[in-house]
S.K.: 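This is the structure, below, for whatever I ask next.
Start at 1 and go down the list; that is how both ligands and their atoms are numbered. This one's a predicted model, so the numbers in the text were calculated from it and none came from an experiment.
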Amino acid sequence: MVVYSAFLILAMIDEYRFTVKERFLRYVQVDTQSDPLSTTIPSTEKQKDLGRILTEELRQAGIDDAHLDGWGYVYATIPSNSSKNIPVICFCAHMDTAPDSSGTGVKPIVHTNYNGQDIILPDDPTQVITIREHPYLKQKIGEEIITASGNTLLGADDKAGVAIIMDFVNYLMQNPGVKHGKIKILFTPDEEIGRGVNKVDLQKLGADFAYTLDGGERGSFTDETFSADGVVITFHGISAHPGFGKNKLVNALKVAGTFLDLLPRNEFSPETTEDREGFVHPVRAEGIAEKVKVEFIVRDFETRNLKLYETRLEQFAKQAVGKYPGTSYEFEIKQQYRNMKEVLKNYPRVEKYAREAMERAGVRFKKESARGGTDGSRLCFMGLPCPDIFTGEMAFHGKHEYVSVQDMQKSVEVLVNLVQVCQEKAGHDL
Ligand SMILES: [Zn+2]
(Lines give C-alpha, C1' and ligand atoms only; values in the text may rest on other atoms or scores of the structure.)
Protein backbone atom coordinates (compact mmCIF):
# COMPACT_ATOMS: atom_id res chain seq x y z
CA MET A 1 0.00 0.00 0.00
CA VAL A 2 2.79 2.37 0.91
CA VAL A 3 4.72 1.44 -2.23
CA TYR A 4 1.63 1.93 -4.34
CA SER A 5 0.98 5.43 -3.04
CA ALA A 6 4.63 6.35 -3.54
CA PHE A 7 4.35 5.34 -7.17
CA LEU A 8 1.13 7.20 -7.55
CA ILE A 9 2.69 10.42 -6.35
CA LEU A 10 5.73 10.00 -8.57
CA ALA A 11 3.42 9.80 -11.54
CA MET A 12 1.52 12.88 -10.40
CA ILE A 13 4.59 14.98 -9.76
CA ASP A 14 5.97 13.99 -13.16
CA GLU A 15 2.96 15.58 -14.78
CA TYR A 16 3.00 18.61 -12.53
CA ARG A 17 3.98 21.94 -14.06
CA PHE A 18 6.36 23.33 -11.45
CA THR A 19 5.99 27.02 -10.64
CA VAL A 20 9.18 27.27 -8.59
CA LYS A 21 11.33 28.80 -11.33
CA GLU A 22 8.82 31.45 -12.32
CA ARG A 23 8.27 32.35 -8.66
CA PHE A 24 11.97 32.46 -7.94
CA LEU A 25 12.63 34.86 -10.83
CA ARG A 26 9.95 37.19 -9.50
CA TYR A 27 10.86 37.03 -5.81
CA VAL A 28 14.58 37.77 -6.34
CA GLN A 29 13.67 41.05 -8.03
CA VAL A 30 12.08 42.31 -4.82
CA ASP A 31 14.81 43.98 -2.74
CA THR A 32 14.63 42.51 0.77
CA GLN A 33 18.10 43.23 2.11
CA SER A 34 18.24 43.34 5.92
CA ASP A 35 20.33 45.87 7.83
CA PRO A 36 22.40 44.93 10.90
CA LEU A 37 22.67 48.58 11.98
CA SER A 38 18.93 49.15 12.07
CA THR A 39 17.03 48.85 15.36
CA THR A 40 13.56 48.53 13.83
CA ILE A 41 11.63 45.26 13.39
CA PRO A 42 11.91 44.17 10.66
CA SER A 43 15.26 45.88 10.17
CA THR A 44 14.15 47.19 6.77
CA GLU A 45 10.57 48.01 5.83
CA LYS A 46 11.08 46.75 2.27
CA GLN A 47 11.15 43.15 3.46
CA LYS A 48 7.41 43.50 3.92
CA ASP A 49 7.06 44.08 0.16
CA LEU A 50 7.83 40.42 -0.41
CA GLY A 51 5.78 39.47 2.65
CA ARG A 52 2.73 41.14 1.10
CA ILE A 53 3.26 39.41 -2.26
CA LEU A 54 3.55 36.00 -0.58
CA THR A 55 0.49 36.60 1.59
CA GLU A 56 -1.55 37.58 -1.45
CA GLU A 57 -0.38 34.54 -3.44
CA LEU A 58 -1.11 32.20 -0.52
CA ARG A 59 -4.62 33.65 -0.26
CA GLN A 60 -5.15 33.24 -3.99
CA ALA A 61 -4.06 29.63 -3.66
CA GLY A 62 -6.92 29.20 -1.20
CA ILE A 63 -5.24 29.61 2.18
CA ASP A 64 -7.59 31.95 3.99
CA ASP A 65 -5.58 32.53 7.14
CA ALA A 66 -2.41 33.69 5.35
CA HIS A 67 -1.24 36.98 6.85
CA LEU A 68 1.73 39.26 7.32
CA ASP A 69 2.12 40.42 10.93
CA GLY A 70 3.49 43.73 12.17
CA TRP A 71 6.97 42.30 12.68
CA GLY A 72 7.18 41.20 9.05
CA TYR A 73 6.47 37.46 9.53
CA VAL A 74 4.15 35.58 7.17
CA TYR A 75 2.06 32.76 8.65
CA ALA A 76 -0.28 30.39 6.83
CA THR A 77 -2.01 27.08 7.51
CA ILE A 78 -2.90 24.27 5.14
CA PRO A 79 -5.57 22.30 7.01
CA SER A 80 -5.30 18.54 7.37
CA ASN A 81 -7.24 16.45 4.84
CA SER A 82 -6.72 13.19 6.69
CA SER A 83 -8.77 11.65 9.48
CA LYS A 84 -5.59 10.47 11.20
CA ASN A 85 -3.99 12.24 14.11
CA ILE A 86 -0.86 13.60 12.43
CA PRO A 87 1.89 15.82 13.85
CA VAL A 88 1.83 19.41 12.60
CA ILE A 89 4.81 20.15 10.31
CA CYS A 90 6.08 23.65 9.62
CA PHE A 91 8.15 24.67 6.59
CA CYS A 92 10.14 27.84 7.05
CA ALA A 93 12.31 30.10 4.88
CA HIS A 94 13.69 33.60 5.30
CA MET A 95 12.71 36.48 3.05
CA ASP A 96 15.69 38.78 3.62
CA THR A 97 19.00 38.74 1.74
CA ALA A 98 22.47 39.24 3.17
CA PRO A 99 23.85 42.75 3.74
CA ASP A 100 27.26 41.62 2.34
CA SER A 101 26.46 42.46 -1.26
CA SER A 102 23.87 44.70 -2.94
CA GLY A 103 20.35 43.32 -3.30
CA THR A 104 18.98 46.29 -5.24
CA GLY A 105 18.05 45.83 -8.89
CA VAL A 106 18.71 42.08 -9.05
CA LYS A 107 18.50 40.91 -12.67
CA PRO A 108 18.30 37.12 -12.71
CA ILE A 109 19.71 35.36 -15.77
CA VAL A 110 18.60 31.86 -16.79
CA HIS A 111 21.30 29.70 -18.37
CA THR A 112 19.37 26.92 -20.09
CA ASN A 113 21.19 23.68 -20.63
CA TYR A 114 24.34 24.76 -18.78
CA ASN A 115 27.34 23.37 -20.64
CA GLY A 116 30.05 23.57 -18.00
CA GLN A 117 31.76 26.62 -19.46
CA ASP A 118 32.65 29.72 -17.47
CA ILE A 119 29.68 31.96 -16.84
CA ILE A 120 30.65 35.60 -17.43
CA LEU A 121 28.22 37.95 -15.76
CA PRO A 122 27.29 40.64 -18.31
CA ASP A 123 26.95 43.70 -16.07
CA ASP A 124 30.47 43.18 -14.68
CA PRO A 125 32.51 40.87 -16.91
CA THR A 126 35.20 40.59 -14.21
CA GLN A 127 32.69 38.42 -12.35
CA VAL A 128 33.12 34.91 -13.73
CA ILE A 129 31.59 31.77 -12.27
CA THR A 130 33.82 28.76 -12.93
CA ILE A 131 33.68 25.04 -12.18
CA ARG A 132 37.18 25.38 -10.74
CA GLU A 133 35.91 27.67 -8.00
CA HIS A 134 32.50 26.04 -7.72
CA PRO A 135 32.98 22.30 -8.19
CA TYR A 136 29.31 21.51 -7.53
CA LEU A 137 28.54 23.09 -10.93
CA LYS A 138 30.11 20.07 -12.57
CA GLN A 139 27.11 18.04 -11.45
CA LYS A 140 24.79 20.68 -12.90
CA ILE A 141 25.82 20.30 -16.54
CA GLY A 142 22.67 19.95 -18.62
CA GLU A 143 20.55 21.63 -15.97
CA GLU A 144 19.08 25.11 -15.92
CA ILE A 145 21.21 27.48 -13.84
CA ILE A 146 20.12 30.89 -12.61
CA THR A 147 22.69 33.58 -11.73
CA ALA A 148 22.66 37.32 -11.06
CA SER A 149 24.00 39.75 -13.66
CA GLY A 150 27.24 40.88 -11.99
CA ASN A 151 26.40 43.90 -9.82
CA THR A 152 24.35 42.24 -7.10
CA LEU A 153 23.88 39.01 -5.24
CA LEU A 154 21.17 36.72 -6.59
CA GLY A 155 19.25 36.17 -3.38
CA ALA A 156 18.84 32.42 -3.89
CA ASP A 157 19.63 32.48 -0.17
CA ASP A 158 16.86 32.20 0.67
CA LYS A 159 14.38 32.98 -2.07
CA ALA A 160 15.04 29.51 -3.39
CA GLY A 161 13.59 28.27 -0.08
CA VAL A 162 10.67 30.71 -0.31
CA ALA A 163 9.87 29.71 -3.92
CA ILE A 164 10.14 25.98 -3.10
CA ILE A 165 7.68 26.28 -0.22
CA MET A 166 5.29 28.37 -2.35
CA ASP A 167 5.38 25.80 -5.17
CA PHE A 168 4.87 23.00 -2.65
CA VAL A 169 1.77 24.83 -1.38
CA ASN A 170 0.57 25.27 -4.96
CA TYR A 171 1.03 21.55 -5.59
CA LEU A 172 -0.94 20.51 -2.52
CA MET A 173 -3.78 22.92 -3.27
CA GLN A 174 -4.03 21.56 -6.83
CA ASN A 175 -3.81 17.93 -5.74
CA PRO A 176 -6.26 17.47 -2.87
CA GLY A 177 -5.91 13.70 -3.28
CA VAL A 178 -2.52 13.89 -1.61
CA LYS A 179 -3.15 13.06 2.04
CA HIS A 180 -1.44 15.11 4.70
CA GLY A 181 -1.83 16.49 8.21
CA LYS A 182 -1.97 20.16 9.18
CA ILE A 183 0.90 22.12 7.63
CA LYS A 184 2.21 25.47 8.77
CA ILE A 185 4.07 27.89 6.51
CA LEU A 186 6.38 30.47 8.03
CA PHE A 187 8.40 33.16 6.25
CA THR A 188 10.74 35.20 8.45
CA PRO A 189 12.58 38.52 8.07
CA ASP A 190 16.11 39.39 9.27
CA GLU A 191 17.65 35.91 9.34
CA GLU A 192 20.87 37.19 7.81
CA ILE A 193 21.43 39.56 10.70
CA GLY A 194 20.71 36.90 13.32
CA ARG A 195 17.27 38.16 14.33
CA GLY A 196 15.14 35.82 12.24
CA VAL A 197 13.28 34.19 15.11
CA ASN A 198 13.25 37.06 17.62
CA LYS A 199 9.56 37.75 17.12
CA VAL A 200 8.27 34.40 15.95
CA ASP A 201 5.12 33.31 17.77
CA LEU A 202 5.57 29.58 18.40
CA GLN A 203 2.22 29.33 20.13
CA LYS A 204 0.45 30.72 17.11
CA LEU A 205 2.51 28.46 14.86
CA GLY A 206 1.53 25.40 16.89
CA ALA A 207 3.87 23.04 15.02
CA ASP A 208 5.33 19.79 16.39
CA PHE A 209 8.47 20.09 14.29
CA ALA A 210 9.76 22.18 11.41
CA TYR A 211 12.21 22.25 8.54
CA THR A 212 14.00 25.31 7.26
CA LEU A 213 14.50 25.34 3.49
CA ASP A 214 17.85 27.08 3.34
CA GLY A 215 20.45 24.43 2.48
CA GLY A 216 22.79 23.98 -0.48
CA GLU A 217 23.52 20.88 -2.53
CA ARG A 218 20.83 18.44 -3.57
CA GLY A 219 20.26 15.87 -0.84
CA SER A 220 21.86 17.83 1.96
CA PHE A 221 20.18 17.66 5.33
CA THR A 222 21.70 19.76 8.12
CA ASP A 223 20.94 18.60 11.62
CA GLU A 224 24.01 19.99 13.29
CA THR A 225 25.34 23.50 13.81
CA PHE A 226 28.10 25.01 15.88
CA SER A 227 27.62 25.78 19.53
CA ALA A 228 28.52 29.41 20.01
CA ASP A 229 29.57 31.81 22.74
CA GLY A 230 30.72 35.40 22.61
CA VAL A 231 33.52 36.60 24.88
CA VAL A 232 34.34 40.19 25.80
CA ILE A 233 37.73 40.81 27.39
CA THR A 234 38.33 44.25 28.85
CA PHE A 235 41.88 45.33 29.65
CA HIS A 236 42.35 48.14 32.15
CA GLY A 237 45.56 50.17 32.00
CA ILE A 238 46.65 53.10 34.14
CA SER A 239 46.21 56.47 32.53
CA ALA A 240 48.42 59.43 33.15
CA HIS A 241 49.39 62.55 31.23
CA PRO A 242 51.92 61.28 28.68
CA GLY A 243 54.19 64.21 29.47
CA PHE A 244 54.45 63.03 33.05
CA GLY A 245 53.80 59.35 32.57
CA LYS A 246 57.15 57.96 33.57
CA ASN A 247 56.74 54.98 35.92
CA LYS A 248 53.01 55.70 36.08
CA LEU A 249 51.33 55.18 32.74
CA VAL A 250 50.51 51.63 31.64
CA ASN A 251 48.88 51.54 28.23
CA ALA A 252 45.94 49.13 27.85
CA LEU A 253 46.34 49.20 24.04
CA LYS A 254 49.75 47.60 24.47
CA VAL A 255 48.37 44.97 26.83
CA ALA A 256 45.70 44.13 24.25
CA GLY A 257 48.37 43.99 21.52
CA THR A 258 50.46 41.60 23.58
CA PHE A 259 47.40 39.50 24.28
CA LEU A 260 46.43 39.23 20.58
CA ASP A 261 50.02 38.34 19.77
CA LEU A 262 49.85 35.39 22.17
CA LEU A 263 47.11 33.74 20.10
CA PRO A 264 48.52 30.74 18.23
CA ARG A 265 49.16 31.27 14.53
CA ASN A 266 48.68 27.74 13.24
CA GLU A 267 45.71 26.45 15.19
CA PHE A 268 42.69 27.63 17.19
CA SER A 269 41.52 30.12 14.52
CA PRO A 270 39.03 30.11 11.59
CA GLU A 271 41.93 30.54 9.18
CA THR A 272 43.52 27.28 10.33
CA THR A 273 40.56 24.98 11.02
CA GLU A 274 37.94 23.08 9.01
CA ASP A 275 35.43 20.21 9.19
CA ARG A 276 34.74 19.42 12.83
CA GLU A 277 37.43 21.63 14.37
CA GLY A 278 36.39 24.59 16.50
CA PHE A 279 38.06 27.96 16.96
CA VAL A 280 38.22 31.31 18.71
CA HIS A 281 38.14 34.46 16.61
CA PRO A 282 38.65 38.11 17.57
CA VAL A 283 35.95 40.07 15.75
CA ARG A 284 36.29 43.57 17.16
CA ALA A 285 38.54 45.73 19.32
CA GLU A 286 38.06 49.24 20.56
CA GLY A 287 39.61 51.37 23.22
CA ILE A 288 42.02 54.00 24.45
CA ALA A 289 45.17 53.89 26.56
CA GLU A 290 43.10 53.50 29.70
CA LYS A 291 40.80 50.71 28.62
CA VAL A 292 40.49 48.32 25.68
CA LYS A 293 37.68 45.91 24.86
CA VAL A 294 38.35 42.92 22.63
CA GLU A 295 35.42 40.83 21.42
CA PHE A 296 35.67 37.19 20.42
CA ILE A 297 33.42 34.55 19.00
CA VAL A 298 34.00 31.00 20.24
CA ARG A 299 32.77 28.04 18.16
CA ASP A 300 32.72 24.25 18.32
CA PHE A 301 30.30 21.41 17.59
CA GLU A 302 30.80 20.12 21.14
CA THR A 303 29.36 22.56 23.64
CA ARG A 304 31.72 21.33 26.37
CA ASN A 305 34.72 22.40 24.27
CA LEU A 306 33.62 26.04 24.47
CA LYS A 307 34.57 26.07 28.15
CA LEU A 308 38.04 24.67 27.34
CA TYR A 309 38.57 27.30 24.66
CA GLU A 310 37.44 30.07 26.98
CA THR A 311 39.78 28.88 29.74
CA ARG A 312 42.64 28.89 27.27
CA LEU A 313 41.72 32.35 26.05
CA GLU A 314 41.63 33.61 29.61
CA GLN A 315 45.11 32.18 30.20
CA PHE A 316 46.42 34.39 27.39
CA ALA A 317 44.72 37.41 28.94
CA LYS A 318 46.26 36.59 32.31
CA GLN A 319 49.68 36.17 30.72
CA ALA A 320 49.43 39.50 28.91
CA VAL A 321 48.36 41.35 32.03
CA GLY A 322 51.24 39.66 33.90
CA LYS A 323 53.69 41.44 31.64
CA TYR A 324 52.30 44.86 32.56
CA PRO A 325 52.21 45.31 36.35
CA GLY A 326 49.26 47.32 37.54
CA THR A 327 46.93 46.32 34.73
CA SER A 328 43.93 44.05 35.03
CA TYR A 329 41.30 42.38 32.87
CA GLU A 330 37.67 41.37 32.97
CA PHE A 331 36.46 38.29 31.15
CA GLU A 332 32.81 38.01 30.22
CA ILE A 333 31.14 35.08 28.45
CA LYS A 334 27.82 35.40 26.63
CA GLN A 335 25.98 32.34 25.40
CA GLN A 336 24.93 32.77 21.75
CA TYR A 337 23.43 29.53 20.40
CA ARG A 338 23.84 25.77 20.73
CA ASN A 339 24.29 22.85 18.38
CA MET A 340 20.79 21.86 17.23
CA LYS A 341 21.77 18.21 17.42
CA GLU A 342 21.49 18.34 21.20
CA VAL A 343 17.74 18.80 20.68
CA LEU A 344 17.24 16.87 17.42
CA LYS A 345 18.72 13.66 18.79
CA ASN A 346 15.58 13.37 20.91
CA TYR A 347 13.32 13.52 17.82
CA PRO A 348 14.62 10.80 15.48
CA ARG A 349 11.50 10.81 13.29
CA VAL A 350 12.22 14.36 12.12
CA GLU A 351 15.26 13.02 10.29
CA LYS A 352 13.65 9.69 9.37
CA TYR A 353 10.79 11.36 7.49
CA ALA A 354 13.14 13.65 5.57
CA ARG A 355 15.40 10.73 4.68
CA GLU A 356 12.50 8.68 3.37
CA ALA A 357 11.06 11.67 1.48
CA MET A 358 14.40 12.15 -0.29
CA GLU A 359 14.78 8.45 -1.07
CA ARG A 360 11.32 8.42 -2.65
CA ALA A 361 12.37 11.38 -4.81
CA GLY A 362 15.50 9.50 -5.89
CA VAL A 363 17.74 11.91 -4.00
CA ARG A 364 20.78 10.73 -2.07
CA PHE A 365 20.39 11.80 1.54
CA LYS A 366 23.54 13.54 2.81
CA LYS A 367 23.89 14.64 6.40
CA GLU A 368 25.75 17.88 6.88
CA SER A 369 27.12 19.90 9.76
CA ALA A 370 26.94 23.67 9.38
CA ARG A 371 30.02 25.57 10.49
CA GLY A 372 27.74 28.33 11.67
CA GLY A 373 24.31 28.77 13.16
CA THR A 374 20.88 28.85 11.62
CA ASP A 375 17.47 30.04 12.68
CA GLY A 376 16.85 26.36 13.17
CA SER A 377 19.43 26.15 15.93
CA ARG A 378 17.56 28.78 17.87
CA LEU A 379 14.13 27.32 17.09
CA CYS A 380 15.33 23.94 18.39
CA PHE A 381 16.15 25.46 21.75
CA MET A 382 12.91 27.44 21.79
CA GLY A 383 11.10 24.10 21.66
CA LEU A 384 10.60 23.55 17.94
CA PRO A 385 12.89 20.83 16.48
CA CYS A 386 14.05 22.23 13.14
CA PRO A 387 16.75 20.80 10.85
CA ASP A 388 17.45 22.15 7.36
CA ILE A 389 16.66 20.74 3.90
CA PHE A 390 18.48 21.53 0.63
CA THR A 391 17.27 24.13 -1.88
CA GLY A 392 20.14 24.14 -4.38
CA GLU A 393 21.27 27.67 -3.43
CA MET A 394 25.04 27.92 -3.78
CA ALA A 395 27.85 30.47 -3.31
CA PHE A 396 25.51 32.61 -1.29
CA HIS A 397 26.09 36.17 -0.05
CA GLY A 398 28.09 37.12 -3.15
CA LYS A 399 27.83 38.01 -6.81
CA HIS A 400 28.64 34.44 -7.86
CA GLU A 401 25.52 33.06 -6.25
CA TYR A 402 23.68 30.51 -8.38
CA VAL A 403 20.92 27.93 -8.16
CA SER A 404 19.76 25.04 -10.33
CA VAL A 405 16.09 24.97 -11.30
CA GLN A 406 16.15 21.16 -11.20
CA ASP A 407 17.46 21.21 -7.62
CA MET A 408 14.63 23.51 -6.58
CA GLN A 409 12.09 21.23 -8.26
CA LYS A 410 13.56 18.21 -6.47
CA SER A 411 13.22 20.03 -3.21
CA VAL A 412 9.52 20.68 -3.93
CA GLU A 413 9.09 16.98 -4.62
CA VAL A 414 10.84 16.13 -1.34
CA LEU A 415 8.40 18.31 0.60
CA VAL A 416 5.41 16.73 -1.14
CA ASN A 417 6.80 13.30 -0.21
CA LEU A 418 7.60 14.39 3.31
CA VAL A 419 4.06 15.34 4.28
CA GLN A 420 2.84 12.02 2.89
CA VAL A 421 5.46 10.02 4.75
CA CYS A 422 4.35 11.78 7.89
CA GLN A 423 0.70 11.00 7.15
CA GLU A 424 1.41 7.34 6.42
CA LYS A 425 3.46 6.84 9.58
CA ALA A 426 1.12 8.71 11.88
CA GLY A 427 0.24 6.65 14.88
CA HIS A 428 3.10 4.23 14.27
CA ASP A 429 6.11 5.82 15.87
CA LEU A 430 4.93 8.75 17.90
ZN1 LIG B 1 19.92 31.66 4.31
Side-chain angles (χ1 to χ4, degrees), residues 20 23-24 27-36 42-44 46-47 50-51 54 72-74 90-103 106 108 134 136 146-148 152-168 185-200 210-226 228 299 336-337 340 354 368-380 384 386-404 407-408 411-412 414-415:
V20 66
R23 289 176 192 277
F24 178 80
Y27 301 157
V28 294
Q29 293 180 62
V30 184
D31 183 356
T32 56
Q33 191 174 50
S34 48
D35 175 6
S43 68
T44 51
K46 60 190 177 187
Q47 295 180 63
L50 182 58
L54 298 173
Y73 292 70
V74 175
C90 168
F91 294 111
C92 169
H94 64 90
M95 294 180 284
D96 64 317
T97 58
D100 316 41
S101 181
S102 170
V106 173
H134 305 280
Y136 179 66
I146 303 175
T147 67
T152 65
L153 47 64
L154 175 62
D157 175 10
D158 185 23
K159 282 158 184 170
V162 172
I164 287 162
I165 293 173
M166 291 298 288
D167 197 13
F168 154 78
I185 304 302
L186 173 67
F187 296 122
T188 60
D190 289 338
E191 189 266 359
E192 296 290 2
I193 55 169
R195 303 179 202 161
V197 296
N198 284 9
K199 291 286 175 190
V200 72
Y211 299 88
T212 49
L213 272 291
D214 196 14
E217 299 184 10
R218 187 185 293 203
S220 70
F221 176 84
T222 306
D223 67 340
E224 184 167 41
T225 56
F226 272 150
R299 301 287 187 261
Q336 291 178 331
Y337 56 85
M340 56 161 72
E368 307 261 346
S369 304
R371 287 179 65 80
T374 65
D375 272 355
S377 18
R378 286 180 62 205
L379 287 172
C380 279
L384 183 65
C386 185
D388 184 63
I389 288 177
F390 74 93
T391 66
E393 68 197 47
M394 297 297 293
F396 29 84
H397 298 194
K399 293 172 182 168
H400 289 189
E401 204 181 359
Y402 66 90
V403 68
S404 147
D407 281 352
M408 290 196 286
S411 185
V412 174
V414 167
L415 300 195

S.K.: With a 4.5 Å heavy-atom cut-off, do L154 and F24 have their side chains touching?
M.R.: yes

S.K.: Would you call L54 and M95 a side-chain contact if the rule is heavy atoms closer than 4.5 Å?
M.R.: yes

S.K.: Is there an N/O/S atom in D214 at a distance below 2.8 Å from the Zn ion (ligand 1)?
M.R.: yes

S.K.: Could you identify the N, O or S atom of H94 positioned closest to the Zn ion (ligand 1)?
M.R.: NE2

S.K.: Restricting to N/O/S, name the atom of D157 that gets closest to the Zn ion (ligand 1).
M.R.: OD1

S.K.: Parallel, tilted or perpendicular: which one describes the rings of H134 and Y402, with boundaries at 30° and 60°?
M.R.: perpendicular

S.K.: Between D96, D190, D35, D31, which is the residue that forms a salt bridge (charged side-chain N to carboxylate O under 4.0 Å, His left out) with K46?
M.R.: D31

